[in-house]
Amino acid sequence: MTKPTEAQTEKSGSTGRLQPPRRATLMDVADRAGVSTAAASKVLRGAYGVSDRMRERVQTAMQELGYRPSAVARGLRGKTYTVGVMLSDIHNPFFGLLTDGIRRGIGSGGYEVLIGPGGSTPRSQQAMINALIDRGMDGLMLIAPVVGGEQLERTGREVSTVVIGRHGLGAAYDTVAGDDRRGSELIVDHLVGLGHRDILHLTNRHESFDEPETPEQVRAAGYRDAMRKHGLESRIDVREAAWTDTGGREVARQILQMPERPTAVHAGADVAAFGLMAELWQAQIDIPGQVSVVGYDDSPMASMPPIHLTTINQSGFRMGELASEILLERLEGRNEPRAELIEPTLVRRGTTAAPSN
């Protein structure tokens with residue numbers, strides 16, 4: 001039988017019960033170093049008037065005790081040096097690119113990143129936003145939120161906030177997004193150039209949220225405008241489903257039941273394109289021989305064989321970095337709102353070709 005550690009064998013009175021683990025405090029550090037708590041605090045803060053010998057003793061005590069300063073206590077005195085990131089969908093691979101860029105960018109300012117999954121509803125996302133604020137985040141980054149504009153304004157007035165994916169200029173928060181209208185135009189231009197006329201668009205569906213500045217609304221508007229530009233207004237076909245694997249499969253099943261199927265699909269997001277392609281492949285539909293498919297985001301899986309998805313690259317890593325740079329400006333005192341758009345590019349791979357008929 002494994003013996004308990006020295007810390008575990010500390011008893012509570014005469015009950016013989018083990019004491020729960022306890023985090024080392026600044027007072028513990030001061031006792032170990034043989035200095036006052038005020039002196040240990042000065043070392044921690046890097047304040048003037050501390051001798052090299054005292055600094056060495058305190059730092060040694062911190063290391064021996066595994067001491068870490070409490071972020072909550074730091075927040076009571078000022079900054080916690082933490083930034084909260086609210087993710088609307090932890091399964092979307094594109095959001096991984098965004099968070100990698102955020103971590104790289106925000107780390108340059110000495111901040112740590114805490115990620116909170118917000119779910120897919122306005123209520124669950126607002127609850128996560130409130131939880132991050134209540135835990136003393138210095139700033140927030142909200143990735144593709146479905147909360148309303150008024151709620152975003154209230155959040156921005158409470159804490160420095162950057163919204164990733166939302167278009168337009170907020171009064172109290174900043175925005176970073178890809179140029180989604182242009183991205184949809186690139187997709188339609190590419191497909192029309194190959195000879196396609198019956199092009200279906202899969203847009204993201206929300207049960208209780210509908211605002212014009214969201215990526216799904218802007219991409220759908222860009223698709224419609226591009227179809228009209230090419231004289232294909234009568235062939236506009238927008239289908240609503242979640243931008244998820246399940247949503248893509250749902251629309252694929254609709255396509256399989258159509259008497260006259262589209263020859264191409266603008267899937268709206270890579271994650272939806274993956275589900276759509278999987279369902280079509282299971283039904284022995286050749287891609288791109290019978291149906292061409294274009295995604296959106298250029299997530300890491302898109303370039304992997306046998307997927308090799310034609311898609312829109314909107315520089316997810318750079319988008320995350322840029323959002324971090326903008327948030328750091330906010331934290332340093334900038335008050336004027338910023339709205340940044342990133343130029344998309346079409347990445348042509350193996351899921352698009354000329355229609356077979």
Side-chain angles (χ1 to χ4, degrees), residues 89 91-94 120 180 183-206 215-216 219-220 222-224 226-228 230-314 344-357:
D89 181 3
H91 301 292
N92 189 327
F94 177 66
S120 60
D180 293 313
S184 281
E185 182 181 32
L186 289 173
I187 290 172
V188 174
D189 287 352
H190 168 62
L191 293 171
V192 170
L194 291 172
H196 294 277
R197 296 295 179 267
D198 294 308
I199 303 168
L200 179 147
H201 174 56
L202 194 169
T203 191
N204 197 21
R205 177 177 61 215
H206 292 293
E216 50 266 46
R219 289 176 199 177
Y223 159 79
R224 291 187 178 96
M227 292 289 281
R228 294 187 188 101
H230 290 288
L232 301 173
E233 183 171 5
S234 64
R235 305 194 187 200
I236 290 174
D237 186 358
V238 178
R239 302 295 174 112
E240 291 188 354
W243 276 348
T244 61
D245 176 88
T246 301
R249 288 176 179 272
E250 176 186 330
V251 171
R253 288 191 290 269
Q254 294 177 21
I255 291 172
L256 292 171
Q257 295 171 2
M258 294 178 184
E260 294 186 11
R261 297 171 183 164
T263 62
V265 179
H266 168 359
D270 285 356
V271 65
F274 299 151
L276 183 139
M277 292 168 63
E279 194 74 18
L280 294 180
W281 278 332
Q282 288 177 358
Q284 304 300 309
I285 300 297
D286 182 64
I287 301 171
Q290 292 172 273
V291 179
S292 287
V293 178
V294 185
Y296 205 111
D297 292 332
D298 199 18
S299 51
M301 286 178 57
S303 63
M304 296 175 62
I307 298 172
H308 211 228
L309 178 67
T310 297
T311 187
I312 290 292
N313 184 306
Q314 53 177 343
T345 57
L346 179 77
V347 181
R348 182 172 179 174
R349 297 194 180 102
T351 58
T352 51
S356 57
N357 51 8

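In what follows, every heavy atom counts, from backbone to side chain, and hydrogens, waters and symmetry copies are set aside.
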Results of salt bridge (Lys or Arg N to Asp or Glu O under 4.0 Å) for E240 - residues two or more places apart only: none

ring-ring contact (aromatic ring centres under 6.0 Å, His included) involving F94 - partner list, sequence neighbours excluded: none

Interatomic distance, S303 atom OG to R349 atom CZ [nearest 0.5 angstrom]: 5.0 Å

Among pairs that include at least one residue of residues 263-275, which meet salt bridge (Lys or Arg N to Asp or Glu O under 4.0 Å), considering only residues two or more places apart or in two chains? none

Taking the side chain as every heavy atom from C-beta outward, state whether I307 and M301 have any pair of such atoms under 4.5 Å apart. yes

Do the side chains of D237 and R224 get close enough for a salt bridge, i.e. N-O under 4.0 angstrom? no

Any ring-ring contact (aromatic ring centres under 6.0 Å, His included) involving residues 243-294? Give me the pairs, sequence neighbours left out, ordered by first then second residue. H201-H266

Write out all pairs satisfying side chain to side chain donor-acceptor pair (under 3.5 Å) with one or both partners inside residues 287-297, taking only residues at least two apart or from two chains. D180-Y296, H196-S292, D297-Q314

In sequence, state the C-alpha distance, the side-chain angles, and the governing distance for I255 and L200, and then conclude on side-chain contact (heavy atoms from CB on, under 4.5 Å). CA-CA 9 Å; I255 291 172; L200 179 147; 4.3 Å; yes

Nearest non-hydrogen partners of I285 and L256, listed with the distance: CG1-CD2, 3.7 Å

Side chain to side chain donor-acceptor pair (under 3.5 Å) against Q282, all qualifying residues, sequence neighbours excluded: none

Side chain to side chain contact (heavy atoms under 4.5 Å, CB included) involving R235 - partner list, sequence neighbours excluded: R197, D198, M227, L232

Side-chain (Y223) to main-chain (I199) donor-acceptor, under 3.5 angstrom: yes

Which value, rounded to the nearest 0.5 Å, describes the distance between I187 atom CD1 and T310 atom OG1? 9.5 Å

Counting C-beta onward and ignoring hydrogens, is there a side-chain heavy-atom pair between V293 and L309 closer than 4.5 Å? yes

Could you work out, with side chain to side chain contact (heavy atoms under 4.5 Å, CB included) as the rule, every residue matching A354, not counting sequence neighbours? none

Does any pair with a residue in residues 241-254 pass salt bridge (Lys or Arg N to Asp or Glu O under 4.0 Å), and if so which ones, sequence neighbours excluded? R205-E250, D245-R249, R249-E279, R253-E279

Looking only at non-hydrogen atoms, find the nearest pair between A252 and L276 and report the distance. CB-O, 3.6 Å

If you measure only the distance, is there a donor-acceptor pair under 3.5 Å linking the side chains of T352 and H190? yes

Identify, with sequence neighbours excluded, every residue that meets side chain to side chain contact (heavy atoms under 4.5 Å, CB included) alongside A226. E185, V188

Separation between CG (L280) and OG1 (T351), nearest 0.5 Å, reads 11.5 Å

Where do I312 and G183 come nearest, in terms of heavy atoms and distance? CD1-O, 3.6 Å

Tell me the closest heavy-atom pair linking A241 and L202, and the distance in Å. O-CD2, 3.9 Å

Residues in side chain to side chain contact (heavy atoms under 4.5 Å, CB included) contact with T244, at least two apart in sequence or another chain: D89, A242, T246

Close side-chain approach of I236 and R228, heavy atoms under 4.5 Å: yes

Over all heavy atoms of both residues, which pair between P93 and P300 is shortest? Give the atoms and the distance, please. O-CD, 4.2 Å

Once side chain to side chain donor-acceptor pair (under 3.5 Å) is applied, do any residues pair with H230, and if so which ones, sequence neighbours excluded? D189

Heavy-atom closest pair (T311 atom, A302 atom, distance to 0.1 Å) is CG2-CB, 4.4 Å

Could you measure the distance from the CG atom of D286 to the OG atom of S356? Nearest 0.5 Å is fine. 8.5 Å

